[in-house]
Amino acid sequence: MGATMSTFQHIQVPQGEKIAIGADGLPDTPSKPIIGFIEGDGIGPDIWKASKFLFDKAVAHCYGDTRKVAWMEIYAGEKANKVCGNYFPEETLDAIREYNIAIKGPLTTPVGEGFRSLNVSLRQELDLYACVRPVRHFEAVPSPVVNPDAVDMTIFRENTEDVYAGYEVKAGTPEAEKLAAFCAQEFGWELSGHTGLGLKPVSEAGSKRLVRAALRYAIAQKRKSVTLVHKGNIMKYTEGAFRKWGYEVVRDEFSDVAVAWADCNGDPGDKILVQDAIADIFLQQILTRPKNFDVIATTNLNGDYMSDALAAQVGGIGIAPGANINYETGVALFEATHGTAPKYADLDKVNPSSLILSGVMMFEHLGWQEVAEALTGALTKTYGDKRVTYDFHRLMQGATLLKCSEFAEAVAGNL
Ligand code: NAP
């Protein structure tokens, strides 16, 4: 295909080829794929620079000059405001839709006031309904728990609904008064306009496609169980419905390969066991009996809390990767799961592992398995050598403290 002409105002399209998506929703990766990247705010530029350096080294290590990523910078957040005069340019969405695969650093979100989360907007605008977060321990990485190796879970968090849908009104506004009055009149709910109000939409279609994606992942990765995590004892028609619809997917669409606990009394034979857990006890049991859990499917807010709690068990958010995927359109956005840590911006200090491991997920998704394995092996060796950034250094005896860029060089040296 060769060069592609840019139709964007600010985005420069590099020489390379578009990644096409097959009928199965998976990428058909050419030898010089164009992949979008958003550098991110705060520590974003530091971790992106380190990660890109390492990705290019790993691809060259595995394939010489027969394959190479053509990186295409796309803009969101503070850099977008500088370059495009807008925090969330439309052409960013267009570029991701057109080129299908992208990777990003963290983006700032103001708390309480100001613009909506750009991360949430990206996920919703692109309908990236599955937030996929694998959590497992790397040998030698310091952890606050006694047996971090027992954690090997992949969270599928619904990404487009729940209280993240953005249906919120501020206390004391005419909108809050109107909604409170409507609820009082139609439902007899005693609400005042001096209450902040939010809606929690959880749909059958949204729940089912997420559980379907989790089950397909469990089948492909030969995992043993899928746990539906919910707070359905309290929020019966949202969280409880998520559980009900999840079991319907198992019974209606996957009965040849998966079985609900209630249908096998906990003995699934060679099928995947589908069980459910209430969110509060789940948060206790991931600490007390992590081996009981494998693939997790859950609603949006639960998934947010659980991802960080689980990441802490294996070394913290500095090392937790993530991807936002629509398995029908094939559009996938890989991302560091931590935030912008503004106090460390431009200090070349923080751990780039979260973004590097998100890259590992991306290369696996692209079918460049050799690169994913080379990066994973080199990271494991570098942690084992105790050559680490400040976050691990403060928890390790006898470790060598490296800057963000030095850590990437150390990993490259271990490829
Ligand atoms: P944060 O940026 O994730 O930082 C919290 C703490 O986590 C840091 O102070 C640091 O701990 C540790 N940390 C984060 N990234 C690290 C890394 N790469 N290496 C080592 N340690 C790391 O969370 P926040 O302060 O709550 O949020 C800051 C901003 O980021 C907010 O605007 C928030 O909305 C945004 N955010 C964005 C995303 C996203 O883009 N996906 C996700 C979450 C938050 P120590 O201080 O102990 O060293």
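Start at 1 and go down the list; that is how both ligands and their atoms are numbered.
Note: no N/O pair closer than 3.5 Å links Gly318 and ligand 1 by distance alone. Residue Gly339 has at least one N or O atom closer than 3.5 Å to an N or O atom of ligand 1. Not a single N or O atom of Pro342, backbone or side chain, sits closer than 3.5 Å to an N or O atom of ligand 1. An N or O contact shorter than 3.5 Å is missing between Thr337 and ligand 1 by distance. Below 3.5 Å of separation, one finds an N or O of Asn119 facing an N or O of ligand 1. Any N or O atom pair closer than 3.5 Å counts here, and Arg123 shares no such pair with ligand 1.
Within ligand 1, the atoms closer than 4.0 Å to a non-hydrogen atom of Val350 are 17 (C), 18 (N), 19 (N), numbered from 1 in the order shown. Atoms of ligand 1 lying under 4.0 Å from any heavy atom of Lys343, numbered from 1 in the order shown and given with element: 9 (O), 46 (O). Those atoms of ligand 1 with a heavy atom of Thr108 less than 4.0 angstrom away are 32 (O). Proximity to Glu335 (heavy-atom distance under 4.0 Å) selects the following atoms of ligand 1: 41 (N).
Atom OG1 of residue Thr389 and atom CG of residue Leu402 lie 7.5 Å apart, to the nearest 0.5 angstrom.
One finds a salt bridge joining Lys244 and Glu248 here, because a Lys/Arg side-chain nitrogen approaches an Asp/Glu carboxylate oxygen to under 4.0 Å. In summary, Lys200 and Asp162 engage in a salt bridge, as defined by a charged side-chain N under 4.0 Å from a carboxylate O. Using a 4.0 Å cut-off between a side-chain N of Lys or Arg and a carboxylate O of Asp or Glu, Glu175 and Lys170 do not qualify as a salt bridge.
At a 4.0 Å cut-off, at least one heavy atom of Arg394 sits close enough to ligand 1 to count as contact.
Residues Ala309 and Leu283 approach most closely at CB-CD2, 4.0 Å, considering heavy atoms. Nearest approach of Leu191 to Cys183, heavy atoms of both residues: CD1-CB, 4.0 Å. Nearest heavy-atom pair across Ala95 and Met72 is CB-CE, 4.3 Å. A pairwise comparison of heavy atoms in Thr382 and Val411 identifies OG1-CA, 3.4 Å as the closest pair.
Of all the heavy atoms of Thr340, the ones lying under 4.0 Å from any atom of ligand 1 are found in both the backbone and the side chain.
Of the N and O atoms on the side chains of His230 and Asp276, at least one donor lies less than 3.5 Å from an acceptor on the other residue.
The residue from Asn351, Asp46, Ile317, Ile47 that puts a heavy atom closest to atom 12 (C) of ligand 1 is Ile317.
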